[in-house]
Q: 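The structure is given below, and queries will be raised subsequently.
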Amino acid sequence: MKKTLVVLLALLILSTTMVFALVTGSPVIKGQLPFLLTNAGQGPGGKMARLLIWQSKAIQETDFDYNAEPLRDNPNDLAARDYKMLFVIIGSSAKGLGASGITIEEEIARLNKMIVEAQKLDLFIIAAHIEGKDRRGNPGSADEQSIDAIAPFADYLIVMKDGNQDGKFTRIAQEKNIPLTIIDNTIDFMQVIKQMFPTE
Amino acid sequence: MKNSVYLKILFLVLSGILGILGGIEFVELRNYKETVVVSEDFTEMIMLSEYLPSLKGTWGDTPIYIYDSGVPGGSMLILGGTHPYEPITTVAAYVVMENIKVESGKVYVIPHANMSASTLGMLGNAYPKYFSVETPWGSQKYRIGDRGTNPLDQWPDPYTYIHYPSGQNLAYQDIRNLNRTFPGRANGTLTERISFAIMELIRNEDIDIFFDYHEASLMYPVVSTYVAHDDAMDIGMMAAMMLSATQFPMKIEASPKNLKGLTHREVGDFSDALALLMETPEPFIDRVAGRMTEELMVDGIDEFVQTAAEKGLVYCDYDIKEGFTDPLGNVIIGAPLDYRVGRHLSGTLEAVNWMNMFFPEKALVVSFPGYAEVMENGTGYYLHDPSKADPSRVFKN
Amino acid sequence: MLVFFDTIIYYLYFIMTAFFAFLLLRNLFKREKRKALVYDIVYSYVIITFILRVIGIK
Amino acid sequence: MYLQTTIIAIVMVATFALASWKLKSPEISMVITAIVGALVGGFGFPSRLLVEGMFTYFDVGLIFLTASIFINIYSETGAMNALVRWIVKQFYDKKWLMLILLGILLIIPGALTGAGSVSIFVVGGLVSSVMNYMGFSKKRIAAFIYLFAMLAAVAPPINLWAMLMAAQANMPYVGFGVVLIVPIIIIAAFTILYTGLSKTPGRKTKTEILEELPQPPAGMNWFKILVPFGVLLVLILLMQYATFYIPVLGLPLTFMICAFISMGMDKDRWKVKKWYNVMVKTVDQVFPLLGTVISVGVLVNIMTATGVKGLLAITFITLPMAFIYITALIFAPFAQGSLSYGSAIILGTPIIFLFNSMGLNVTVTAAALSFLFPLGDCLPPSRIVGRLTIETVGYEGSYMSFLKAIAIPWLFMGAIGLLMLLFPNQLRFLVVY
């Protein structure tokens, strides 16, 4: 029972509109609707973000679409609706290797195509790395390749603190002059969403 | 040169003595029983063979402990000891069994999912036979088993194992690996029949949420992780994020669709249960670990694994010198038993909470000590003295 | 039915092992090759391995 | 821990060297090394760990025993000689075609069971005597058989190293077909050329050979020659493709069934005494191998207990990448020599994870490693397939001279494996699902 209480308490804290020091760095930018949520690297991050957006209750479920692999089968994915933003969650998967996984080369090729297409459509690109150091790897790994394919082309970066221990995202932000918001924990992504889409 | 017959007999006798000395220890391990004192909410113990009679009288049969609140609600099944060389999973199941309170719904716990595999050491791995958990009333001894079913119970292995029903080829010894034989066959090998019986339990009792406790080597990417079937993904993700923010680092991975025979894949595919598997870090089973000792099992402190960690080859927090600090402020040095037990306990509670939130109609209200409590008081604090307990609540496994 | 056959095969393996244990025992005392003393020792512990399996100890 | 374990490791190596030199028996030397290692490591005299170790490769030992019994009984019926006779008759003038066929013959049993030793047991004797009559030197015969036994173990459908690594790394064992077959064809072609281009000065004429070969016993016919092998093939294929409808037979029982069928083909089928003697002789013949697999298990168990195994593994995988490539040809084979298939689990799996973390293709990497491990089947302490080859061929030189005899194709295979390890992403196109 005590355990349940702790969890409920934590939830309560998280669901207040009060902002703790959980979200730091550049002020959260104002969001535009509708947007397309996707992921780079085929990790669980995209679904996690979708879930957190639902849980935040800041916007309607119909205000955004989730597509795990836009442009893989359908070249019109980015123009399926009048999207204003492309919201990319970066992170690969550690699930089974070989045939059970994805080939990262194909994934990167798709991501490159997606960025070009998004820029052509003049979408506001948000790159978010919200799973921390577990989704960082050696140079050349699926995680790093995914970051390199997306982050430098973003208009806005959201990164979890311990995923930026080596300062890679800070460097990208400075070089490309991209605003960078830092969160303490994955779950604080909910706060970012709430600030992005404040309910009057 | 003709060797003396007496000399030959002498060698034979000496080897025989060696065999007897070793044999005594094998027999002792095979027949050693662990003691557990079930909580007051315990209602009934049945055997797995109730779901598949052909298991009766075999080492594949194993006790199922039932905690029925009598109040309508969700139902949960916990498997410990799917791989008995990850014995903390059984200890965690015991802590649940000794302390659980069920306010609504029904809970099933199988502490030794593969009983046969828990009765021998793993060939070539030189494990100690037992390890002990210190309690306020003395120390409590548990077996360290194998990964697969005892060859004395299932023999021979094929030259390649073909998974039923997918037809996927797997290494031959995986035919005795309970976490590769799901969903099992009623007329298959012993291990396949254990899987089938567990599936029958899940289907017949309409289990809502299923947990399979595991431990992993630190160099295995899926360590400190939930592995969730597609249906349980939302629950797993919320629980993982919550735990990482408030208690201990926890990752989440989706169950790969092409990897067959594993509980998180097959239980989800072949029943309505929400299937989750949890992995804690167990340096003891890392390929690079040094000396095989009981202390390594209990404290999880190993220099070679530390080297691997320093080279960035492990997939979770690990430090045997300064340790790392969890969100509650505990400093974790190595991968101690309490840490691993606590992870399983809170991993279960957190996921159940989220199931209750996502599916209020399945509400399962349970409580037992979690990570914070176990880290504070130690695992032994939650194990009860069988000599002082009501004999009807003392069980041997 | 398959379970029944599995059981028969299971026992066949024990019989097979017992048979080999017997052959090894015979060769410990009467063999053509490798008559050196050290091989008496090797034979001895190999035989014990087979016997422990036959009597279901390991 | 590093220092202590290193000392234990050094003591164990020294003990093994000394014991092998003094006692001339690798089997007992391994057990003595294990006991000394346990004593130095502070485990006392760990009877349980020693006995437990004896069971590590118990089932492998059973396979050796039963496979040999089958083939010796088959030979006893005269079928083997008839087969050799027929091959010499047909292919005496077609050397290249014959070598290709013998190669394929050697690959089949190992490819289906995953064990090169099974290839040698089942068809090694046949291949050896045919090549003998064709005038090849013992050295070339040994090299040919050893190389093809290794390729047989690597060949799909069953490549145990790749399967074990896949199982440990949670990757499905699929996509390995082409990436294994292409290098196998290259290595096989090289080995055939290497063998075929050698001189065969002592080659007799066809008629001489046929006179020398014993006449097949009365009543020997194609049916009797082929049925035992046919049954073996059918049983193995049934186990692969009708698994869900038959019980698990296991290889030992399969070989025993075929042995009994062979007996049934003979006119002396009821002469129990005769068959009993064949089996006694077989046990005598196979014993060194049986002793080896039992003893190597003891050694491995103590190496694990004392942490020596962990020391080897951590040392190898924390080497800088360049060193991994440089030393792979030493580390991987020696791991195989001392740990047998355990090498795949102990060294192979960490490498898979390491390479994966750098974005290298793991399927090609696993395939590459599976070409490097079998090279160690001729290395001490166990040198199982190496010794088996020597026995089967009747090679008389020293073990070192055998190693020299196989060196060139061995290095070629190593080079191919290493190239695959170096360029996994460039070879990715070979992975076909």
Side-chain angles (χ1 to χ4, degrees), chain C, chain D residues 19-20 22-32 47-48 50-59 61-62 64-66 69 243-257 259 276-295 297-298 391:
Chain C
M1 194 60 181
L2 276 178
V3 175
F4 174 70
F5 280 120
D6 275 334
T7 314
I8 290 182
I9 290 170
Y10 171 76
Y11 286 112
L12 277 178
Y13 270 81
F14 281 91
I15 293 168
M16 201 154 79
T17 308
F19 176 63
F20 289 133
F22 169 74
L23 288 183
L24 286 167
L25 201 60
R26 181 214 169 269
N27 277 7
L28 166 63
F29 291 100
K30 212 165 88 187
R31 62 178 183 266
E32 312 266 304
K33 290 188 199 163
R34 289 185 190 73
K35 293 187 167 178
L37 195 64
V38 284
Y39 277 96
D40 282 345
I41 307 177
V42 181
Y43 261 100
S44 304
Y45 65 72
V46 170
I47 291 167
I48 295 303
T49 313
F50 278 74
I51 292 176
L52 284 175
R53 173 53 58 92
V54 172
I55 57 177
I57 299 290
K58 178 72 192 178
Chain D
S20 313
K22 278 282 171 201
L23 297 172
K24 303 264 178 287
S25 155
E27 301 86 2
I28 195 84
S29 304
M30 284 190 267
V31 174
I32 291 171
S47 41
R48 176 180 64 92
L50 296 175
V51 179
E52 194 171 78
M54 300 199 289
F55 283 90
T56 311
Y57 301 110
F58 182 76
D59 284 274
L62 275 187
F64 289 167
L65 272 174
T66 50
I69 285 179
T243 335
F244 306 143
Y245 310 102
I246 57 168
V248 176
L249 288 177
L251 279 178
L253 185 62
T254 310
F255 284 126
M256 285 314 270
I257 292 173
Y276 172 76
N277 283 333
V278 174
M279 291 190 200
V280 167
K281 261 205 197 101
T282 309
V283 171
D284 202 7
Q285 175 201 342
V286 186
F287 184 74
L289 273 172
L290 182 62
T292 300
V293 292
I294 302 273
S295 309
V298 179
E391 298 255 333

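So that the names make sense, note that chain A is the first sequence line, chain B the second, and so on, each numbered from 1. Computed from heavy atoms alone, side chains included, the values below leave out hydrogens, waters and symmetry copies.
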Q: Side chain, backbone, both or neither: which part of D:Val283 has a non-hydrogen atom closer than 4.5 Å to chain C?
A: both
Q: What are the two closest heavy atoms between D:Phe58 and C:Thr49, and how far apart are they?
A: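 Smallest heavy-atom distance, with atoms named: CD1-CG2, 3.7 Å.
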Q: Flag the one option from D:Val248, D:Leu23, D:Val51 with the top tally of heavy-atom pairs under 4.5 Å to chain C.
A: D:Val248
Q: Need one label for D:Leu253: side chain, backbone, both or neither, based on atoms under 4.5 Å from any heavy atom in chain C.
A: both
Q: Flag the one option from D:Ser295, D:Pro252, D:Gly291 with the top tally of heavy-atom pairs under 4.5 Å to chain C.
A: D:Pro252
Q: I want to check something: taking the side chain as every heavy atom from C-beta on, are C:Leu24 and D:Leu290 in contact at a cut-off of under 4.5 Å?
A: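 They are in side-chain contact.
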Q: Ignoring hydrogens, what is the shortest heavy-atom contact between C:Leu52 and D:Phe55? Give both atom names and the distance.
A: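 Heavy atoms of C:Leu52 and D:Phe55 come nearest at CB-CZ, 3.7 Å.
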Q: Mind checking whether C:Tyr39 and D:Phe287 have parallel, tilted or perpendicular rings, split at 30° and 60°?
A: perpendicular
Q: Does any heavy atom of chain C fall under 4.5 Å from the side chain of D:Val31, the backbone, both, or neither of them?
A: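 Just its side chain gets close to chain C.
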Q: Counting only heavy atoms not in D:Phe244, do more than 12 sit closer than 6.0 Å to its CZ atom?
A: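 Yes, enclosed.
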Q: Where is the tightest heavy-atom contact between D:Pro247 and C:Leu2, given as atom of each residue plus distance?
A: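 Closest approach of D:Pro247 to C:Leu2: N-CD2, 3.6 Å.
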Q: Given that the side chain runs from C-beta out, which part of D:Leu50 has a heavy atom under 4.5 Å from chain C: side chain, backbone, both or neither?
A: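 The answer is neither part of D:Leu50.
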Q: Using side-chain contact (heavy atoms from CB on, under 4.5 Å), reason through C:Phe50 and D:Leu62 one step at a time and then give a plain yes or no.
A: CA-CA 10 Å; C:Phe50 278 74; D:Leu62 275 187; 3.9 Å; yes
Q: Under 4.5 Å heavy-atom distance to chain C, tell me which part of D:Ile28 shows up: side chain, backbone, both or neither.
A: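 Both the backbone and the side chain of D:Ile28 come within 4.5 Å of chain C.
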